[in-house]
Amino acid sequence: MKITTPLLGKGLLGRSVDELRRRTSIALKMEAVKGPLGPRGLYEFNSAASIQDCILMSDDLIGGSSKSHLDFISTDTTNSPSNPAGSSSPSSYARFHGQISTSLPADRPNIQRSGYAAFRTPDQRPTLFGRSVWDIDPYAYLALRIKSDGRSYFVNLQTEAVEPTDLHQHRLFAKRPGQWETVMIKWNDFVRTNHGFVVEPQTEILRQKVRTVGIGLTDRVEGPFELCIEKVWATNEVAEDATVVKSGASELKNKRGEEIQW
């Protein structure tokens with residue numbers, strides 16, 4: 001079943017009409033009672049405009065030396081060794097890449113840790129119904145179509161939390177580095193964190209109010225990195241070739257330095 005993708009660049013009225021149509025469709029099909037009839041697209045990197053408003057971050061914001069970039073790649077016009085066109089490659093995607101450095105800024109002795117890079121989708125634009133968020137409550141999984149270099153990336157979710165710096169995080173376990181694959185993570189397995197540490201006591205993710213989704217690299221291993229991503233969606237259906245991430249050991253720790261378990 002084809003995923004319905006969000007439309008970018010529409011005005012307030014256009015976005016409001018789209019939201020009204022979506023809500024009307026849910027009501028007419030009784031999806032609130034029977035459950036969703038198919039997956040829901042959250043974000044798709046299908047045009048240059050889809051990456052323009054994404055938020056790009058690295059430790060250079062605090063004087064570090066890591067660099068990060070987010071490029072739009074179209075395989076219709078690009079055919080390079082690092083982005084080969086082929087039957088298994090999507091027609092377009094975003095390329096998150098750069099260089100990780102753990103060097104500390106010499107003029108800022110208060111900075112004791114560096115070596116990270118990340119990006120996230122833009123804040124969703126409001127409609128006449130109010131501030132836009134994703135209601136993923138009817139779905140079991142977050143799915144991502146990616147091609148990884150095998151480094152230890154995290155998926156980061158922002159919600160309408162009381163504490164705006166809270167994130168819900170989960171390791172992005174790629175099983176086939178260098179190849180396109182679908183990775184699926186249970187929404188309930190995400191862990192609430194703040195500034196990289198697990199928040200205690202834990203609270204469940206606000207499933208009706210997800211604002212953004214992003215990917216970060218915090219392994220603090222110096223060198224280049226590259227992760228390609230085609231799209232992100234919510235679903236109840238496990239794709240035939242998908243990697244379903246199972247709960248287990250993580251690389252997140254609490255403030256006592258203890259590794260947490262999913």
Side-chain angles (χ1 to χ4, degrees), residues 3 5-10 41-103 114-125 142-158 167 169-183 185 211-233 243:
I3 298 172
T5 56
L7 298 178
L8 301 173
K10 282 196 171 185
L42 302 182
Y43 208 84
E44 186 168 357
F45 297 94
N46 55 5
S47 68
S50 65
I51 69 169
Q52 289 175 356
D53 295 328
C54 287
I55 309 301
L56 192 61
M57 299 157 279
S58 71
D59 58 43
D60 64 357
L61 297 173
I62 58 171
S65 300
S66 298
K67 303 296 181 183
S68 60
H69 310 277
L70 190 65
D71 302 329
F72 174 70
I73 304 296
S74 172
T75 56
D76 292 335
T77 58
T78 301
N79 189 13
S80 65
S82 60
N83 301 294
S87 58
S88 62
S89 299
S91 59
S92 60
Y93 55 90
R95 177 176 173 246
F96 175 50
H97 66 104
Q99 189 84 13
I100 293 295
S101 171
T102 57
S103 298
S114 67
Y116 69 86
F119 80 93
R120 68 168 175 84
T121 58
D123 291 330
Q124 299 174 66
R125 296 177 180 177
L142 172 69
L144 308 94
R145 187 69 177 170
I146 64 161
K147 182 175 69 171
S148 172
D149 58 5
R151 294 187 64 153
S152 300
Y153 296 91
F154 275 89
V155 180
N156 304 320
L157 301 177
Q158 282 185 318
L167 290 176
Q169 295 186 291
H170 201 291
R171 264 288 307 275
L172 181 61
F173 289 100
K175 296 297 185 183
R176 299 191 294 274
Q179 301 179 37
W180 283 98
E181 61 181 310
T182 298
V183 177
I185 306 169
R211 290 175 50 199
T212 68
V213 60
I215 292 177
L217 179 61
T218 59
D219 61 6
R220 303 187 73 245
V221 176
E222 295 203 346
F225 67 89
E226 178 179 285
L227 183 135
C228 300
I229 178 168
E230 179 193 5
K231 57 188 176 182
V232 184
W233 68 100
T243 297

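- In this structure a side-chain-to-backbone donor-acceptor pair under 3.5 Å is missing from Q169 to F154.
- Not one N or O on the side chain of R145 forms a donor-acceptor pair closer than 3.5 Å with the backbone of P90.
- Between L142 and V232, some side-chain heavy-atom pair lies under the 4.5 Å cut-off.
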- Give the intermediate values and the outcome of side-chain contact (heavy atoms from CB on, under 4.5 Å) for residues W233 and T182. CA-CA 11 Å; W233 68 100; T182 298; 3.8 Å; yes
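- F96 is not listed as a side-chain neighbour of I229, based on a closest heavy-atom distance of 4.5 Å or more.
- Taking each heavy atom of L56 and F119 in turn, the nearest pair found is CD1-CB, 3.8 Å.
- Note that the CG atom of D71 and the OH atom of Y93 stand 10.0 Å from one another [nearest 0.5 Å].
- Rounding to the nearest 0.5 angstrom, the gap separating the NZ atom in K175 from the OG1 atom in T243 is 7.0 Å.
- Of the possible polar contacts, none joining the S66 side chain to the S58 backbone as a donor-acceptor pair under 3.5 Å is found.
- Rounding to the nearest 0.5 angstrom, the gap separating the CG atom in L157 from the CG atom in L42 is 9.5 Å.
- In terms of modelled atom types and a separation under 3.5 Å, the side chain of D59 and the main chain of S65 share a donor-acceptor contact.
- Residues Q158 and L167 come closest through the heavy atom pair CG-CD2, 3.5 Å.
- Across every non-hydrogen atom of T121 and C54, the tightest pair is CA-SG, 4.1 Å.
- Considering only heavy atoms from C-beta on, S148 comes within 4.5 Å of L227 through its side chain.
- One distance of note links OH of Y153 with CZ of F173; it measures 14.5 Å at 0.5 Å rounding.
- Between Y43 and T212 there is no side-chain heavy-atom pair separated by less than 4.5 Å.
- In terms of heavy-atom proximity, F72 sits nearest to N46 at CE1-C, 3.7 Å.
- In this structure, D123 and R211 approach most closely via the heavy-atom pair OD1-NH2, 3.1 Å.
- Residues I146 and E230 are not in side-chain contact: their nearest non-hydrogen atoms beyond the backbone lie 4.5 Å or more apart.
- Between L172 atom CG and L144 atom CG the span is 6.0 Å, to the nearest 0.5 Å.
- In this structure, the side chain of R220 engages the main chain of S114 through a donor-acceptor pair within 3.5 Å.
- Rounded to the nearest 0.5 Å, atoms OG1 (T102) and CD1 (I100) are 9.5 Å apart.
- A174 and E181 get closest at one heavy-atom pair: CB-OE2, 3.3 Å.
- Side-chain atoms of R120 never come within 3.5 Å of backbone atoms of G216 as a donor-acceptor pair (strictly under, hydrogens ignored).
- Under the side chain to side chain donor-acceptor pair (under 3.5 Å) rule, E226 has a single partner from K147, H97, R95, which is R95.
- Judged by distance alone, the side chain of S68 and the main-chain N or O of M57 form a donor-acceptor pair under 3.5 Å.
- Judged by distance alone, with hydrogens and angles left aside, the side-chain atoms of D60 form no donor-acceptor pair with the main-chain N or O of K67 at under 3.5 Å.
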